[in-house]
Amino acid sequence: MREMNVLDNELLMRFAPVRSDFPGAERGPYLDVAARALLYARGRAAVDAYLDRSVAGTIDKQALFEKVEQVRSDIASLMRCEPDEIAFTSNVTDGLARFGSSLPWTPGDNVIICEELEHPANIYPWHGLRNRFGVETKRIPSLNGHAPLQVILDCIDERTKVVTVASVSFAPGFRFPVRDLGIECRRRGVLLVVDAAQSIGVVETDVRAWNADAVAASTQKGLFALYGLGILYVRKDVAERMQPTALSRFGVELSDAHEATTGDPRASSLGAAARRFEIGNYNYAGVIAAGESVKLLLGLGPVTVERYVLGLARHFALQVTALDLSVYGGIGEHNSHIVTVGSSLGDDHDATADRDTASLYEFLKASGVRLSIRRNLLRFSFHLYNNIQDIEYVVGLIREWQKRAPALGASQMA
Ligand SMILES: Cc1ncc(COP(=O)(O)O)c(C=O)c1O
């Protein structure tokens with residue numbers, strides 16, 4: 001993993017103008033991309049233009065298809081793969097389910113997963129294969145907020161078909177060493193499936209470097225666009241050996257024919273690579289919004305975006321630590337753009353039993369900070385529209401809270 005760089009002036013200057021295209025950033029610190037991002041003004045303008053055409057009855061369907069292909073190609077550049085290796089889906093769960101249910105299973109095959117750290121989106125689709133295909137799930141215990149790489153590797157047996165992991169967990173927000181796992185999975189002939197919901201658009205999501213076989217993501221978080229659009233990468237060699245569970249007009253090759261042409265369903269060949277997993281018409285508004293975001297990210301450079309955002313998160317983590325609050329897991333290579341505060345990872349998705357955590361959360365929220373509670377921890381998550389002033393503001397508020405509530409701070413926060 002790349003060492004995180006501290007912020008320098010040049011980087012700060014480069015990102016300063018970006019903020020003006022995120023009007024929501026002016027309403028107080030928005031530190032909640034791990035839930036959903038602020039919508040990008042240029043994305044909204046592009047969707048508005050599409051809606052205006054819908055209202056006026058001037059939609060040009062061919063132009064929409066061309067847009068889909070252009071955005072597919074830009075997303076492929078962002079994820080460092082070929083456009084044919086990208087399918088549009090509805091969300092992360094949908095992408096994982098389309099991929100998982102289309103694999104050739106034999107009863108007794110297994111999937112390795114660290115359920116304590118995965119989002120339900122990357123748990124249920126695998127369990128859904130049990131009754132239909134006899135697929136077993138092997139649960140790996142987490143270790144201090146990490147999915148332990150060596151334990152995962154030790155658990156692989158001759159019936160393991162898939163290992164699945166989140167590139168960045170939604171809580172505590174640690175980066176997983178995907179590349180190391182990918183090398184081993186490839187060597188052992190096991191498929192690596194990655195939930196990139198939290199990394200795409202923020203932390204570099206290089207599917208080739210990861211040696212991933214399938215990667216699912218969506219567009220409302222790091223791609224600062226809309227709900228209802230998912231992205232599924234499937235490596236060409238893997239995809240082209242697969243039969244999609246649902247065969248669709250959009251998943252087969254019908255060359256230049258109109259989309260409503262039936263063709264010959266008995267003789268049609270499957271679409272190239274991941275295209276075979278597509279089903280019917282697209283979420284055009286979602287694609288249009290995401291297209292503007294990806295353009296911005298490619299213009300800035302994904303590595304530069306990662307450096308800036310992780311620099312902000314690290315700066316915040318250092319400031320919080322200096323206030324004697326506990327950054328979960330400390331500061332190190334595992335850090336992402338998500339900083340969680342507190343000392344114990346709980347089970348409840350969006351609740352805390354700790355009165356300090358609840359008190360600080362309510363105080364920050366009442367002061368206009370947008371953030372989350374996840375698994376008993378306060379979750380602060382950063383993106384390219386954040387700046388140093390956001391951090392100074394929140395750190396000032398935490399100081400004020402500490403002064404107002406001197407009795408607090410003795411539990412898991414310290
Ligand atoms: C790691 C992770 N995976 C998946 C999702 C969402 O899944 P879906 O798009 O299927 O709702 C989230 C957050 O909402 C997440 O944090």
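We count ligands from 1, going down the list as the structure has it; atoms in each ligand are counted the same way. Numbers here are sequence positions counted from 1. Since the structure is predicted, the reported quantities are computational estimates derived from the model, not experimental observations.
Applying the 4.0 Å criterion to heavy atoms of Ala121 picks out, from ligand 1, the atoms 4 (C), 7 (O), 10 (O). With ligand atoms numbered from 1 in the order given, ligand 1 contributes 8 (P), 9 (O), 10 (O) to contacts under 4.0 Å with heavy atoms of Asn91. Near Val92, meaning under 4.0 Å from one of its heavy atoms, ligand 1 places the atoms 4 (C), 7 (O), 8 (P), 9 (O), 10 (O). Within ligand 1, counting atoms from 1 as listed, the ones closer than 4.0 Å to a heavy atom of Phe170 are 16 (O).
Both the backbone and the side chain of Thr93 come within 4.0 Å of ligand 1, judged by heavy-atom distances. Only side-chain heavy atoms of Lys221 come within less than 4.0 Å of ligand 1; its backbone N, CA, C and O stay farther off. Using a 4.0 Å cut-off between heavy atoms, Ala166 makes no contact with ligand 1 at all.
Counting protein heavy atoms only, atom 15 (C) of ligand 1 is closest to His119 CD2, 3.3 Å. Scanning the protein heavy atoms around atom 1 (C) of ligand 1, the nearest turns out to be Asp195 OD2, 3.3 Å. For atom 16 (O) of ligand 1, the closest heavy atom belonging to the protein is Gln198 NE2, 2.8 Å.
The aromatic rings of Tyr328 and Phe174 sit parallel, their planes meeting at an angle under 30°, below the 60° perpendicular limit. Note: Tyr284 and Tyr50 have tilted aromatic rings, judged against thresholds of 30 and 60 degrees for the angle between ring planes.
Among the candidates Val294, Asp74, Ile86, the single residue satisfying the side-chain contact (heavy atoms from CB on, under 4.5 Å) test with Met79 is Ile86. Of the options Phe22, Tyr308, Tyr385, a ring-ring contact (aromatic ring centres under 6.0 Å, His included) to Phe15 is made by Tyr308 and by none of the others.
The existence of a salt bridge linking Arg314 and Glu306 is excluded, since no basic side-chain nitrogen approaches an acidic carboxylate oxygen closer than 4.0 Å.
Once rounded to the nearest 0.5 Å, the distance linking CG of Leu360 with CG of Leu325 reads 7.0 Å.
Within 6.0 Å of the CZ atom in Arg42, the count of heavy atoms belonging to other residues, nucleotides or ligands does not exceed 12.
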